[in-house]
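What follows is a single structure, written as structure tokens, with notes after it.
Keep in mind that this is a model prediction, so the values were computed, not measured.
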Amino acid sequence: MKHKLLPLSETMHYILLALREPLHGYAVMQKIEKISNGTAILAAGTLYGAIENLNKHGWIVPVGNSGRRKIYMITTEGSAILKMEQERLLHILSLYEGSESNEEV
Amino acid sequence: MKKFNMYFNMEKEEQWLNEQLQKGYRCTNISGLGIYTFKKTDKRHVMRLDYQDYLPKKKFEEYKGIYEDFGWIYIKGYWLGGIRYWQKEDDDQNEIFSDRQSKGNYYKRLMGYSFGLGMLCLFFSYMLYKNHSGLYFEGLWSMKGALFWKAFLFETPFVLLKLFPALLVIVLGNSFYKAYRKYSMLKEK
């Protein structure tokens, strides 16, 4: 069976992408706001829950502290998940541009 | 200003709290006995209720820290877990959940809470009612006239107290069902 977090939700996807560099929670939110061109703005509870969840599954890991804030970073498993998602999305994108979709219309 | 209220439904409680805040108050304290303290303020505030089980000290600090980074102020929570009350100044970021997944998980936690507490009440009810003694003192029914009514009225509060766990089972069962409905609606799409 598929992992319960797959396919990745928009929130999870952005967090994993943001954590390819080490960041604390609030900085993750700020970075996501920037890289999504302001379309994804995470709320506090959503961010906390998502970090908890990703940490529990070993896709991200705490790597240090900045004051009282915990700094997280993506793990090798997390990167493997991103790679899988990338392939899945690339396939879907290829269907957008391919001829199959045109034939069916 | 102090106000008294009792809620077994978190969403109704949140709604009521925000109605008070809209009248130009902010909440400064909530006591476990249902006493809410408000202070007049010229800034608009909003409150959101989260549910979290017991969090070890380190986890709690992280939880609180992230919310505080977003401008939320922790008003009240229970050490053993339960409702967490958050307040902040009203702006364009007034929610604590921004996607379906996290909102769904919130309802899932609520379901767990209602279920656990409901089971506890069911157990208490069982312990209370298992010896089949009637709700009222048996001699009551052979009393006559004014004496009967006096005794009846005297005993009624105790009967209601005795029925309390059973009533609570119904209330909690209802909130479990409501949380379940919302959870499955979010899960569907």
Side-chain angles (χ1 to χ4, degrees), chain A residues 2-19 22-36 38-57 59-73 81 85, chain B residues 10-11 14 46-75 77 81-110 112 183 186-189:
Chain A
K2 238 181 190 173
H3 193 284
K4 71 169 188 169
L5 292 181
L6 290 175
L8 288 175
S9 69
E10 192 183 29
T11 302
M12 296 291 192
H13 216 141
Y14 272 127
I15 293 176
L16 284 178
L17 287 170
L19 284 176
L23 293 171
H24 62 70
Y26 193 69
V28 169
M29 186 281 282
Q30 288 174 314
K31 187 178 177 189
I32 290 175
E33 186 172 354
K34 210 165 82 195
I35 61 177
S36 71
T39 60
I41 299 170
L42 304 194
T46 299
L47 180 67
Y48 170 77
I51 287 178
E52 271 294 296
N53 225 340
L54 291 170
N55 187 25
K56 195 177 81 193
H57 287 101
W59 294 357
I60 63 171
V61 69
V63 289
N65 288 293
S66 149
R68 58 169 176 79
R69 294 170 172 142
K70 240 183 197 173
I71 296 173
Y72 287 91
M73 202 176 158
I81 293 292
E85 283 291 275
Chain B
M10 262 176 78
E11 297 202 297
E14 184 179 286
V46 287
M47 271 187 99
R48 293 288 176 263
L49 275 50
D50 185 19
Y51 180 87
Q52 291 283 337
D53 286 327
Y54 167 72
L55 295 169
K57 199 165 174 277
K58 279 256 166 68
K59 272 258 173 71
F60 176 70
E61 272 168 18
E62 194 185 1
Y63 170 70
K64 192 162 169 254
I66 287 183
Y67 273 72
E68 282 173 350
D69 281 343
F70 282 76
W72 293 98
I73 292 161
Y74 193 65
I75 302 293
I83 306 173
R84 318 276 173 168
Y85 298 83
W86 293 100
Q87 181 172 252
K88 82 190 271 289
E89 276 181 34
D90 192 344
D91 57 27
D92 55 345
Q93 292 290 320
N94 288 338
E95 297 303 327
I96 54 172
F97 301 116
S98 54
D99 71 356
R100 309 175 73 91
Q101 204 175 33
S102 56
K103 191 82 195 176
N105 287 338
Y106 159 77
Y107 285 119
K108 216 159 112 183
R109 292 196 296 275
L110 275 194
Y183 170 70
L186 284 168
K187 210 81 219 240
E188 241 167 53
K189 287 199 176 174

Checklist entry - What are the two closest non-hydrogen atoms of A:G45 and B:Y67, and how far apart are they? => result CA-OH, 3.0 Å
Item to check | Segment of B:E61 engaging chain A (4.5 angstrom heavy-atom cut-off) | outcome: neither
Checklist entry - Where does B:D99 contact chain A at under 4.5 Å (heavy atoms): side chain, backbone, both or neither? => result both
Next on the checklist: Can you give me the closest heavy-atom contact between A:L42 and B:S98, atom names plus distance?
Outcome noted: CA-OG, 3.4 Å
Checklist entry - Is any side-chain heavy atom of A:Y48 less than 4.5 Å from a side-chain heavy atom of B:K59? => result yes
Checklist entry - Hey, what do you get for CD1 (B:I66) to CD1 (A:I51), rounding to the nearest 0.5 Å? => result 4.0 Å
Checklist entry - Rounded to the nearest 0.5 Å, how far does CD of B:Q101 lie from NZ of A:K4? => result 8.5 Å
Next on the checklist: Which atoms of B:K103 are under 4.5 Å from chain A, going by heavy atoms: the side chain, the backbone, both sets, or neither?
Outcome noted: neither
Next on the checklist: Would you say NZ of A:K31 has more than 12 non-hydrogen atoms from neighbouring residues, nucleotides or ligands within 6.0 angstrom?
Outcome noted: yes
Next on the checklist: Once rounded to the nearest 0.5 Å, what's the spacing between atom CZ of B:F70 and atom CD1 of A:I41?
Outcome noted: 10.5 Å
Item to check | Approximate separation, where rounding is to 0.5 Å, of A:R69 CZ and B:D69 CG | outcome: 4.0 Å
Item to check | Distance, nearest 0.5 Å, that separates CD of A:E52 from CG of B:L55 | outcome: 8.0 Å
